[in-house]
There are 2 protein chains.
Amino acid sequence: MNNMAQAKSTYQFEDLLEKHQLKKTGARLRVLSMMYAKNTATSQPDLESVLNDIDRVTLYRILNVFEEKGIIHKVFDLNGTANYAVCSSGCQEHHHHDEHLHFNCTNCKGVFCLNEIKFPTINLPAGFHADGFTVYASGLCAKCSKMQ
Amino acid sequence: MNNMAQAKSTYQFEDLLEKHQLKKTGARLRVLSMMYAKNTATSQPDLESVLNDIDRVTLYRILNVFEEKGIIHKVFDLNGTANYAVCSSGCQEHHHHDEHLHFNCTNCKGVFCLNEIKFPTINLPAGFHADGFTVYASGLCAKCSKMQ
DNA sequence: TTGTAAATGCAATACTGTTGCATTTGTATT
DNA sequence: AATACAAATGCAACAGTATTGCATTTACAA
């Protein structure tokens, strides 16, 4: 959950791209370093404003290919805005293990991926077959709770 | 969960609007009858294509006011598309009890609100305070499971 | 160093959602 | 039933989000 646990050097980002047969371009390295530096998911608007010299279309394509490769996952917040977060090590190509809890802070709008939370299996009505669960919680994050 | 349980006549829709101090207009009655006729949430594009003679802006405003009044609730599917569903009787104005399970069928794209599913309380990390939970499951619905 | 496929940037387009304003409509009141 | 007024609708315009095609540039393997 903390930044240090995910901190990576440029070399490690390059390795990551190589591992997924992706060319090491400046734009991709910057997207990776921005997302790894945070412990929350990054919204599409945030990505765009910080990486504003990267073409918007390029950004979409980078995010899409990262998602396909299982490097990041997309999560919609409670307003339907796309947010992107680095996948935990359990994620694999085309099959994300994003069955963790997504916490939406109603104050700072942060989206936290709480990987450590395990939630129990949920029984579905007859006939329904689930291949994945995602739990969204909304409320105040640790930081915003203190300030209230 | 079945249609009959929610089936209503035009008179009942009129009562519903009156109860919430909303004028009984043709557009509103048609939106209500469309949503009550289904056992899945209705996507924004579906609403628009079926009710194509109602202005798009009017539709947004109707959906917004219905949501504010607690008549319907909005749920984003796993693609970030807005879907609308009739609230269960537990919903109240400005305070939805939409803590039920939303099931996304990956085949028919249907969004099912499984009100009868109760999921256990989930413990959050220290400092986080949740005021609401939503659980999304994706997979095959009962109908699509049979066809595979 | 060079050739080539991949990646990027740009233009154009479609979809989603919002705001302001003029017109129409529902309904409470006389 | 007629009227008066607020609410609801339709239209135009606009902003944000996402996709596609194509020309150019870049990464990297030979």
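Reminder, nothing fancy here: chain letters follow the sequence lines and each chain counts from 1.
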Once you round it to whole Å, what is the distance between [atom2] of [N] and [atom1] of [X]?
| X | N | atom1 | atom2 | answer |
| --- | --- | --- | --- | --- |
| Asn64(B) | dA8(D) | CG | C1' | 14 Å |
| Ile54(A) | dT25(D) | CD1 | P | 19 Å |
| Asn79(B) | dT19(D) | CG | C1' | 14 Å |
| Leu51(A) | dT8(C) | CG | C1' | 14 Å |
| Leu32(B) | dA8(D) | CG | C1' | 15 Å |
| His20(B) | dA8(D) | NE2 | P | 14 Å |
| Asp53(A) | dC10(C) | CG | C1' | 15 Å |
| Asp55(A) | dA7(C) | CG | C1' | 12 Å |

Legend entry - Heavy-atom closest contact (Cys141(A) atom, Cys105(A) atom, distance):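 Taking every non-hydrogen atom into account, N-SG, 3.4 Å.
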May I ask you to test the [X]-[Y] pair for a side-chain heavy-atom distance under 4.5 Å?
| X | Y | result |
| --- | --- | --- |
| Lys24(A) | Phe13(A) | no |
| Val50(B) | Met34(B) | yes |
| His102(B) | Cys113(B) | yes |

Inset, instruction - For the helix from dT1(C)-dA30(D) to dT30(C)-dA1(D), figure out the bend between the end axes, five pairs an end, and round to 10 degrees. - result: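 Helix axis angle between the two ends: 30°.
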Where the side chain of [X] meets the backbone of [Y], is there a donor-acceptor pair that is under 3.5 Å apart?
| X | Y | result |
| --- | --- | --- |
| His20(A) | Glu18(A) | no |
| Thr58(B) | Ile54(B) | no |
| Asn79(B) | Thr81(B) | no |

Legend entry - Phe66(A)/Tyr84(A) aromatic ring centres below 6.0 Å: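 No, they do not, as the ring centres are separated by 6.0 Å or more.
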Inset, instruction - Measure from the ring center of Tyr136(B) to the ring center of Phe133(A) and say whether it is less than 6.0 Å. - result: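 Here the rings of Phe133(A) and Tyr136(B) have centres that are no less than 6.0 Å from each other.
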Are there any protein N/O atoms within less than 3.5 Å of an N/O atom in nucleotides 14-17 of chain C, and if so, which ones and at what distance?
{"unit_1": "dG17(C)", "atom_1": "OP2", "unit_2": "Tyr60(B)", "atom_2": "OH", "d": "3.2"}
{"unit_1": "dG17(C)", "atom_1": "N7", "unit_2": "Arg56(B)", "atom_2": "NH1", "d": "3.3"}
{"unit_1": "dG17(C)", "atom_1": "N7", "unit_2": "Arg56(B)", "atom_2": "NH2", "d": "3.0"}
{"unit_1": "dG17(C)", "atom_1": "O6", "unit_2": "Arg56(B)", "atom_2": "NH2", "d": "3.2"}

Legend entry - Pairing of Asp46(B) and Lys109(B) as salt bridge, 4.0 angstrom limit: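 Answer for the salt bridge query: no.
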Inset, instruction - Tell me whether the OP1 or OP2 atom of dA8(D) has a side-chain N or O from Thr58(B) closer than 4.0 Å. - result: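 False: Thr58(B) side-chain N/O out of range (4.0 Å or more) of dA8(D) OP1/OP2.
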Inset, instruction - Take Arg61(B) and Asp55(B) through the test salt bridge (Lys or Arg N to Asp or Glu O under 4.0 Å) and record every step on the way to the result. - result: CA-CA 10 Å; Arg61(B) 289 195 269 232; Asp55(B) 190 79; 5.7 Å; no
Inset, instruction - For Val57(B) and for Ala27(B), locate the closest nucleotide of DNA chain D by heavy-atom distance; then report the residue assigned to the nucleotide nearer the 5' terminus. - result: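 That would be Ala27(B).
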Inset, instruction - Determine whether any donor atom in the side chain of Arg61(B) lies under 3.5 Å from an acceptor atom in the base of dG10(D), or the reverse, and answer yes or no. - result: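 Such a pair exists between side chain and base.
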Can you pull every protein N or O that's under 3.5 Å from an N or O on nucleotides 27-30 of chain D?
{"unit_1": "dC28(D)", "atom_1": "OP1", "unit_2": "Lys24(A)", "atom_2": "N", "d": "3.1"}

